[in-house]
Every structure is written in structure tokens, then in C-alpha cells.
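Below is one structure; the comments refer to it alone.
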Amino acid sequence: MDDNTPDIEITELRKLTQVIKDKYDYEFKDYAMSSFKRRIKRVLDLYKFKNVDKLINVLENNPDYFEEFVSEITVNVTEMFRDPTFWKVLKEQIIPNILLNHNKITVWHAGCSSGEEVVTMCAVLDELGALDKAKIIATDIDTAIINKAKNATYSMKNMEVNNKNYARYQGTRSLEYYFKETNGEAVVHKSLLENVSYRKHDLVQGAIFSKFDLILCRNVMIYFNQTLQNAVLNKLHESLFKYGYLAIGSKESLIWCEIANKFIVVNNEEKVYKKVKD
Amino acid sequence: MRYQVSNKYKAVVIGGSAGSFQGITQILANIPKDFPLPMFLCLHRLKHVRNGFVEALSIKSNKIVAEPFDKESVKKGGVYLAPANYHLCLELGNTLSLSTEELVNNSRPAIDLTFESASYVYRDKLIGILLSGANKDGAYGMMKIKEKGGMTIIQDPQESMINAMPNAALAATKIDHILTVNEIVNFLLELDKACRG
């Protein structure tokens, strides 16, 4: 790690989040402190800003910079078939259960990042012969990353880990079935993503916009403090049909959350919950 | 007493990588079940193997070793292991947080992140212990612990199966004690007594 910049104080972060709120109406004050501080430090290092005041100054005077700033502080680490056993549970249990009672399935990827999980979902649905029954919405706060998700083009280097995940998931095909290699990149077949619409949406301040059978919000809320986690979980709960499913990261838990009593645990190991109360 | 132990310390962080498994097992096997300080373990591990590691560490341990969930509260005497493919950090307000941020020093979990965030929360009341390992992860974290007035301990490079990691810490900051694993165990036993004192 570099250590060219001094420690960032909480008071500086408060000042920064207030400026962002006032000028851009984005709310970062309830982001988890240690990761948010690191993201800001990363931005200072990246743009060679000597301190938080400099960053504040740039944000105040260059509105064009803001989108880039949001991209840089957002964590975009994801994989296809991340946690293979989770996807196995979705394929063998959750999705068939939803389709038992409906002829269609609506899915929301809340915090879709570069779209690897969306590709994964479509591949799973395709393997179940249910892709044409699906309507999928993928959202993220970061415009640049949504465009990346839409392009669905990934470096072949990243495909190594994706392939390993796919093997652990015990897929019925090979992952190569879903993309074409072009100039060292894996271009996902457009037909696979036909039923996906991508849009910008801020989980923190954005309104509820639809109802879903299944919401995936994995490793997104870990960047929020508990207050914000509770607020976002309320929105996710409201965005689910009764008896709809919520999937969170394998090391996230609803145990401490106010809304826990409105869900039951469907799979504790893979952290899949079912909404049982409105 | 050989070491400047006192009851001022509130937490212990331990980092390790290649060649540290035996040392960490020995430490866990010898500290008493009711050792009062929380311990945060950040050990380099296979990124895509979620199960098995905590079980392997638990076999000889007197304490329950747990991979925490995000925002879990730190309990007195709890032993927390960074889960596979997540960084483990301390937050103000006595909670743990997890993160999937980029690899740091080619590692996730990265010792630097656990150590630095712990130093921010526990300040001079933190003890950092760095064991055997093949890269420089942990050196920056040890520097942060020292900056905040905490205590720094490395496994004796002569004893370490791979000494790059303890040596990197030695080059980066002042190290209070260079100890063999046996001596680290003795240190923790004295600390145990002091904290109960």
C-alpha cells in the first residue's frame, strides 16, 4: 500500500459527504466507515489530490468529474458463478419453486456492477429452459459500470476464474457456450441478455419502481452501515412480491436487521430468504 | 515478566501466510478458553474454498474460531477469522465489516486492511502479531499499529518457514518483540494474567 497521504479524519469525511449531498444529491453519509475511508484515500492517491479539501474543491467546481468519482469509489469486484453452490441452489430449488406457481419470473439485480451475475442468471435460466419467461432488471449507481454490464464483454483473463466457478457449479454445458472469443475478450451472446434491461438506480435514495419474484443484492450492503442496511432492506422487502426471494452475500446476514421477522430463511448457507409478511 | 504486558490492551490482531498454519494452531491450542481479549486473524487462504479452513483451525483450539458475518458485534474473547475472498475490517462502535474490494498485496483477505482498521479503532490498545509468510502484506499494517502506539510482534525470521513477511515488517517499522511461536504463546499467557489482574 502507498502511504503518500495522511490519515483521513472522520470530520473530513463528514464535510465531503455533506458537499456531495448538497451539490449532487447523493447520500454517502451512512456508508461503512472503514471501506468508505479507503475508497476516498484511493481517489486521493489516484488523482494525486493532496488532501480531502482538494477533492472537495474539485467536486465543487467540476460537475463533470462527479460521475468519475462515483465510479472510483464504487467497489466493482464480481465474478460469473461467484459462490457456485449458491447458483446451484438457485437452479435446483429457488427458480423451479417460483416457476411452479407462475409462468413468468421477474428478477432484480440490485447493484449489478459489471454484469457478471446477470450473465450468470441468464445462463442458469437458459439451462432451465426458462429464459423466455424471465424479465430481468439490472441496476447500479455507477453509469460507467452499467455500460460495461450492457456490453457484456469480459477479458479472457477473468474467464479463468469464471470457468472454475462454472465447473464447481456443475453446469450442464461449458461456459464457452455463452460467449464468443474476439480479440482476447469474451463477448457474451446478445441473445442471452435479450430479456435484461439495465438502468441507473441509487439504492440509497432511489424510489421503489417495481415488484419482483427474486432480488439479488449480494455483497452490496456490506458497504453500508447498519442504519443504511435497514433502510435499504426495507426497500428490497417492499420491492418483493409476497413469497418472493431475497439473496444476499454468503457472509451477510439479516439476523441484526429490523426486517428479519418478515422473512424466513430458505437456505442459511447460501443466504436465501423468503418474504412471508408484508 | 519479560514483556511489557499490561491490562491496557483491548485486542490482538494476528496475520500470517505461507508457513504460518502450524504457528497459529499452536497459539490457539495454548491460549486459555477464557482469554479475555478479542483476536482477529487474517491468514492468507485459498480464495475460492469457503469451507474447511475454520474447521481445521478449530481442531486443537481451546476457543471457538468463527468467520464473522458483516456488521457482527465483537464479543469479549471472541476469535474472528477473515473469511475466504473477503477483507476483514474493524469499525468504530465495536463491529466487524467485510469487503470485496480489490486485492491488496495480491491478497483478499489482506492483512494490511485488518491491521490498519484495527489500529484506527483500538489505537494504542492493540497488539499486532505477524507470522511467517512469503510477501510483504502486513508490513504497512504493522507500521500503522506502531504509529498509533500499539505493540508490534513478529515471529522470529530465523524460525519462520518463510521469513519475507516478518522481515518486511522489520524493515517498515519498529518491532517491539521478535519472538518464536513458543515465546508468543508465553507472551499471550502473561497478557492473559495481566488482563485478569
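Throughout, protein chains are lettered first and strands after them, A, B, ... in sequence-line order, and every chain is numbered starting at 1.
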Report summary line: So, the part of Asn85(B) with a heavy atom under 4.5 Å from chain A: the answer is both
Query - Which atoms of Phe36(A) approach chain B - backbone, side chain, both or neither, heavy atom under 4.5 Å - result: neither
Query raised in the report: Taking side chain as C-beta onward, heavy atoms only, is Glu116(B) less than 4.5 Å from Lys37(A)?
Result: no
Query raised in the report: Hey, are Glu102(B) and Arg42(A) close enough for a salt bridge, meaning a charged N less than 4.0 Å from a carboxylate O?
Result: yes
Query - Interatomic spacing from OG1 in Thr100(B) to CD in Glu79(A) - rounded to 0.5 Å - result: 9.5 Å
Report task. Counting only heavy atoms closer than 4.5 Å, note whether Ile10(A) contacts chain B via side chain, backbone, both or neither. Result -> both
Query raised in the report: Closest approach of Ser250(A) and Phe69(B), non-hydrogen atoms and distance?
Result: O-CE2, 3.5 Å
Query raised in the report: Strictly by modelled atom types, are Asp70(B) and Gln229(A) linked by a side-chain donor-acceptor pair under 3.5 Å?
Result: yes
Requested in this report: Might you point out which heavy atoms bring Tyr223(A) and Glu101(B) nearest each other, and give the distance in Å?
Outcome: OH-N, 3.3 Å
Report task. Mark yes when over 12 heavy atoms from residues, nucleotides or ligands other than Gln158(B) sit less than 6.0 Å from its CD; otherwise mark no. Result -> no
Report summary line: What one should report as the nearest heavy-atom pair of Ser34(A) and Glu91(B) is OG-OE2, 2.7 Å
Query - Arg82(A) to Tyr86(B), cation-pi by 6.0 Å centre distance and 45° axis angle - result: yes
Query - Rounded distance [0.5 Å steps], CZ in Arg38(A) versus CG in Leu113(B) - result: 4.5 Å
Requested in this report: Can you establish whether the number of heavy atoms outside Lys8(B) located under 6.0 Å from its atom NZ is more than 12?
Outcome: yes
Query - Spatial distance of atom CD1 (Ile255(A)) from atom CD (Glu72(B)) [nearest 0.5 Å] - result: 7.5 Å
Report task. Below 4.5 Å from any heavy atom of chain A, which atoms of Leu103(B) appear? Answer side chain, backbone, both or neither. Result -> neither
Report task. Name the region of Asn76(A), side chain, backbone, both or neither, that has any atom closer than 4.5 Å to a heavy atom of chain B. Result -> neither
Requested in this report: Please name the pair of heavy atoms, one in Ser99(B) and one in Ile222(A), separated by the smallest distance, quoted to 0.1 Å.
Outcome: CA-CD1, 3.8 Å
Query raised in the report: Taking all non-hydrogen atoms of both residues, which atom of Lys71(B) and which atom of Gln226(A) are closest, and how far apart?
Result: O-NE2, 3.7 Å
Report task. Look at Glu270(A) together with Arg50(B) and state whether they make a salt bridge at an N to O cut-off of under 4.0 Å. Result -> yes
**Report entry** Options Lys164(A), Arg168(A), Met221(A), ranked by heavy-atom pairs under 4.5 Å with chain B, top entry
**Finding:** Arg168(A)
